[in-house]
Amino acid sequence: MNAPTNTVALHRPTAAIKERPDATWPLADVMALFELPFNDLMFRAQQAHRTHFPDGDVELATLLSIKTGGCEEDCGYCPQAARYDTGVEAKKILDIDTVLDAARQAKANGATRFCMGAAWRSPKERDMDKVEEMVREVKALGMETCATLGMLEEGQAEQLKNAGLDFYNHNIDTAPDFYNNVISTREYQDRLDTLGRVRNAGLKVCCGGIVGMGETREQRAGLLAQLANLNPYPESVPVNHLVQVEGTPLHGLDPLDPLEFVRTIAVARIIMPEARVRLSAGRRQLGEAVQAMCFMAGANSIFYGDKLLTTGNPEAEDDRALLAKLGLKTRSATLESAPKEACGC
Ligand code: SAM
Ligand code: DTB
Ligand code: SF4
């Protein structure tokens, strides 16, 4: 497979978002955006997007599950929770060569970021050495690195930063007042604590949530308000559309109206204007027209490659065809630490 040719070189990695002294988003203001006539909301989102991302490029991030299944947590959406009968088998952590082969392939296909995910409540100290080696080696390939390993203890974020990690993904998943409907084995505050450790270690934050879990519009607004009120707000905001997996408690819900998903993306763009808003899980179910509306609403990042962690994602070839059809360029990052031959300048 070839890398997309319609790339735009940025000559810098994703910029860090600055602290904002007094900026907060009251829930009522976020709700008011959700309630706008659709075209007015899209117009506002386009204005924000064009102001902050004049190149209008789309970032390609490839995911790899480095440790699949057997997770002790009870997240109601997750096929990897051991307690649900979903057909996902628990596997051991991948070896470094397998991870590097996948990263090289992702880079050859045009991805600039490689995200390593583990089905852990939190990483054990014995896992950290292996993950740090993965991060070091993937970074040496000239890719942006991201990891999502669950909750971090004091010091672990620093260990990952020292190994060369750029981003840590840890989602708050939903609004505080809906959270207990979905997860009982960890608290909302635990998630915020981990995000604080990630920030303090100087890592960039990738944090978002899932919609379509039976929450109300106000709770979708609540999720986005929580994210926007983190100070600074996350550099990357993955907006996942629930992938309903048989065997999980959330399987069988009425799917979210696709236009409500587009609205969610648009509101995220307006209230976190400098963030990469990632159209994340659930793209297979959305189809091309809804995805095109999401790009119009300000989504400028996707998970790229035929698999997310355990579930399917559109084929890379189909994504390239869609981006080409829409005339969308892809981001080509030139990383400070990238070897010369990886430089896109
Ligand atoms: N175990 C770690 C944790 O929970 O933080 C990292 C991996 S976990 C799979 C990462 C995120 O994937 C979750 O927080 C959730 O937002 C998302 N996710 C998991 N299953 C999903 C599903 N079925 N549909 C949409 N998003 C999902
Ligand atoms: C995120 O917000 N979504 C990704 C990534 N971060 C780790 C995970 C989606 C998982 C979808 C279900 C699965 O494939 O297991
Ligand atoms: Fe485990 Fe993460 Fe899945 Fe929750 S989302 S069950 S913590 S893998």
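Everything quoted here is computed from the prediction, not taken from an experiment. All ligand and atom numbering here is 1-based and tracks the order in the structure.
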- request: Report yes or no: does Gln156 contribute a side-chain atom to a donor-acceptor pair with the main-chain N or O of Pro123 at less than 3.5 Å?
  value: yes

task: Please could you name the atoms of ligand 1 that His170 approaches to less than 4.0 Å, counting only its heavy atoms?
output: 5 (O)

message: Please classify the Ala119 to ligand 3 contact at 4.0 Å (heavy-atom distances, strictly less than): side chain, backbone, both or neither.
response: both

- request: Would you kindly specify which portion of Thr248 sits under 4.0 Å from ligand 1, judged on non-hydrogen atoms: side chain, backbone, both or neither?
  value: neither

query: Between Asp97 and Arg104, does at least one N-O distance fall below 4.0 Å, as a salt bridge requires?
result: no

query: Which residue and non-hydrogen atom of the protein lie closest to atom 12 (C) of ligand 2, and at what distance in Å?
result: Thr311 OG1, 3.6 Å

query: For ligand 2, which atoms sit closer than 4.0 Å to a heavy atom of Thr148?
result: 7 (C)

Closest protein heavy atom (residue, atom, distance) for atom 15 (O) of ligand 2: Thr310 OG1, 2.6 Å

- prompt: Of the options Asn300, Val262, Leu279, which is the one that meets Phe295 in a side chain to side chain contact (heavy atoms under 4.5 Å, CB included)?
  reply: Leu279

task: Could you tell me whether the side chains of Arg283 and Gln291 share a donor-acceptor contact shorter than 3.5 Å?
output: yes

- prompt: Just by distance, with hydrogens left out, do Thr311 and Arg284 show a side-chain donor and acceptor under 3.5 Å apart?
  reply: no

- line: protein heavy-atom neighbour closest to atom 8 (C) of ligand 2 works out as Leu309 CD1, 3.8 Å

- line: heavy-atom search around atom 4 (C) of ligand 2 in the protein gives Phe303 CE1, 3.6 Å

query: Between Ile210 and ligand 1, which part of the residue brings a heavy atom under 4.0 Å of the ligand: side chain, backbone, both or neither?
result: side chain

query: Non-hydrogen atoms of Gly150 versus ligand 1: any pair closer than 4.0 Å?
result: yes

- prompt: Between Ala118 and ligand 1, which residue portion shows a heavy-atom distance shorter than 4.0 Å: side chain, backbone, both, or neither?
  reply: backbone

field: Positive for side chain to side chain contact (heavy atoms under 4.5 Å, CB included) with Tyr77, one of Val245, Asn240, Thr174, Ile183
entry: Ile183

- prompt: Of Val135, Asp166, Val99, Leu63, which is the lone residue that meets side chain to side chain contact (heavy atoms under 4.5 Å, CB included) with Phe114?
  reply: Val99

query: Of Ala281, Ser122, Pro79, Gly208, which has the heavy atom at the shortest distance from atom 25 (C) of ligand 1?
result: Ala281

- prompt: If hydrogens are left out, which of Met213, Gln244, His251, Arg186 has an atom nearest to atom 4 (O) of ligand 1, that is, the closest non-hydrogen atom?
  reply: Arg186

query: Which residue holds the protein heavy atom closest to atom 3 (Fe) of ligand 3, what is that atom called, and what is the gap in Å?
result: Cys78 SG, 2.3 Å

- request: May I ask you to identify, for Pro238, whether its side chain, its backbone, both or neither come under 4.0 Å of ligand 2 on a heavy-atom basis?
  value: side chain

Contacting atoms of ligand 1, where contact means under 4.0 angstrom from a heavy atom of Leu309: 9 (C)

message: So if I count the atoms of ligand 2 from 1 in the order they appear, which ones are less than 4.0 Å from some heavy atom of Leu308?
response: 14 (O)

task: Ignoring hydrogens, just give me the one of Val245, Thr148, Val182 whose non-hydrogen atom is nearest atom 10 (C) of ligand 1.
output: Thr148

query: Is a side-chain donor or acceptor of Tyr84 paired with a backbone partner of Glu246 at a separation under 3.5 angstrom?
result: no

- prompt: So, the side chain of Gln219 versus the backbone of Thr216: is there a donor-acceptor pair under 3.5 Å, distance only?
  reply: yes

message: Need the ligand 1 atom indices (1-based, order shown) with element for anything under 4.0 Å from a heavy-atom of Asp173.
response: 13 (C), 14 (O), 15 (C), 16 (O)

- line: Nearest heavy atom to atom 2 (O) of ligand 2, choosing from Leu64, Asn240, Leu242, belongs to Asn240

Cation-pi geometry met for Arg263 and Phe38 (6.0 Å, 45°): no

- line: Of all protein heavy atoms, the one nearest atom 4 (Fe) of ligand 3 is Cys75 SG, 2.3 Å

message: Please work out, at 4.0 Å between heavy atoms, whether the side chain, the backbone, both, or neither of Arg121 comes within that distance of ligand 1.
response: neither

message: If you apply the rule side chain to side chain donor-acceptor pair (under 3.5 Å), what do you find for Asn162 with Glu158, and how did you get there?
response: CA-CA 6 Å; Asn162 291 339; Glu158 283 77 6; over 6 Å; no

- prompt: Could a heavy atom of Gly117 be found less than 4.0 Å from some atom of ligand 2?
  reply: no

field: Which segment of Asn171 sits under 4.0 Å of ligand 1 when only heavy atoms are counted
entry: side chain

- prompt: Side-chain donor-acceptor pair under 3.5 Å between Glu73 and Thr185, yes or no?
  reply: yes

message: Closer than 3.5 angstrom, by distance alone: can the side chain of Arg269 be matched with the main-chain N or O of Gln46 as a donor-acceptor pair?
response: no

query: Hey, is Cys206 touching ligand 2 through its side chain, its backbone, both or neither, going by heavy atoms under 4.0 Å?
result: neither

task: Check the side chains of Gln159 and Glu125 for a donor-acceptor pair under 3.5 angstrom, ignoring hydrogens and angles.
output: yes

task: State the atoms of ligand 1, each with its element, that fall below the 4.0 Å cut-off from a heavy-atom position in Asn240.
output: 25 (C), 26 (N)

message: Tell me the contacting part of Asn169 for ligand 2: side chain, backbone, both, or neither, using a 4.0 Å heavy-atom threshold, strictly below.
response: side chain

- prompt: Looking only at atom types and distance, does a side-chain atom of Glu215 sit under 3.5 Å from a main-chain N or O of Met213, one as donor and one as acceptor?
  reply: yes

- request: Taking all heavy atoms of Ala147 and all of Leu165, pick out the closest pair and write down the distance.
  value: N-CD1, 3.7 Å

query: Numbering the atoms of ligand 1 from 1, which are under 4.0 Å from a heavy atom of Trp120?
result: 1 (N), 2 (C)

- line: Nearest non-hydrogen protein atom to atom 24 (N) of ligand 1, with distance, is Val243 N, 3.0 Å

- request: List the closest protein heavy-atom neighbour of atom 2 (Fe) of ligand 3: residue, atom name, distance to the nearest 0.1 Å.
  value: Trp120 O, 4.5 Å

- request: Could you tell me whether Arg191 and Asp173 have a side-chain N and a carboxylate O separated by less than 4.0 Å?
  value: yes

message: Quick test of your reading of the model: are Glu144 and Lys204 salt-bridged, counting only N-O distances below 4.0 Å?
response: no

- prompt: Can you check whether Leu253's main-chain N or O pairs, donor with acceptor, with Gln244's side chain at less than 3.5 Å?
  reply: yes

query: Can you list the ligand 2 atoms lying under 4.0 Å from a non-hydrogen atom of Pro79?
result: 15 (O)

message: Using modelled atom types and a 3.5 Å cut-off, is there a donor and acceptor pairing between side-chain atoms of Asn313 and backbone atoms of Leu308?
response: no

- request: Could you confirm whether Cys71 has any N/O/S atom lying under 2.8 Å from atom 3 (Fe) of ligand 3?
  value: no

- prompt: Can a non-hydrogen atom of Arg186 be found less than 4.0 Å from any atom of ligand 3?
  reply: yes

- prompt: Does at least one non-hydrogen atom of Val243 fall below 4.0 angstrom from an atom of ligand 2?
  reply: no

query: Identify the closest protein heavy atom to atom 21 (C) of ligand 1: which residue and atom is it, and at what distance?
result: Tyr77 CD1, 3.7 Å

- request: Provide the number and element of each atom of ligand 3 under 4.0 Å from a heavy atom of Tyr77.
  value: 5 (S)

- prompt: Got Met134 and Ile96 here, is their nearest side-chain heavy-atom distance under 4.5 Å?
  reply: yes

query: Which atoms from ligand 2 have a heavy atom of Asn171 less than 4.0 Å away?
result: 1 (C), 2 (O)

query: Are there protein heavy-atom neighbours of atom 14 (O) of ligand 1 below 4.0 Å?
result: yes

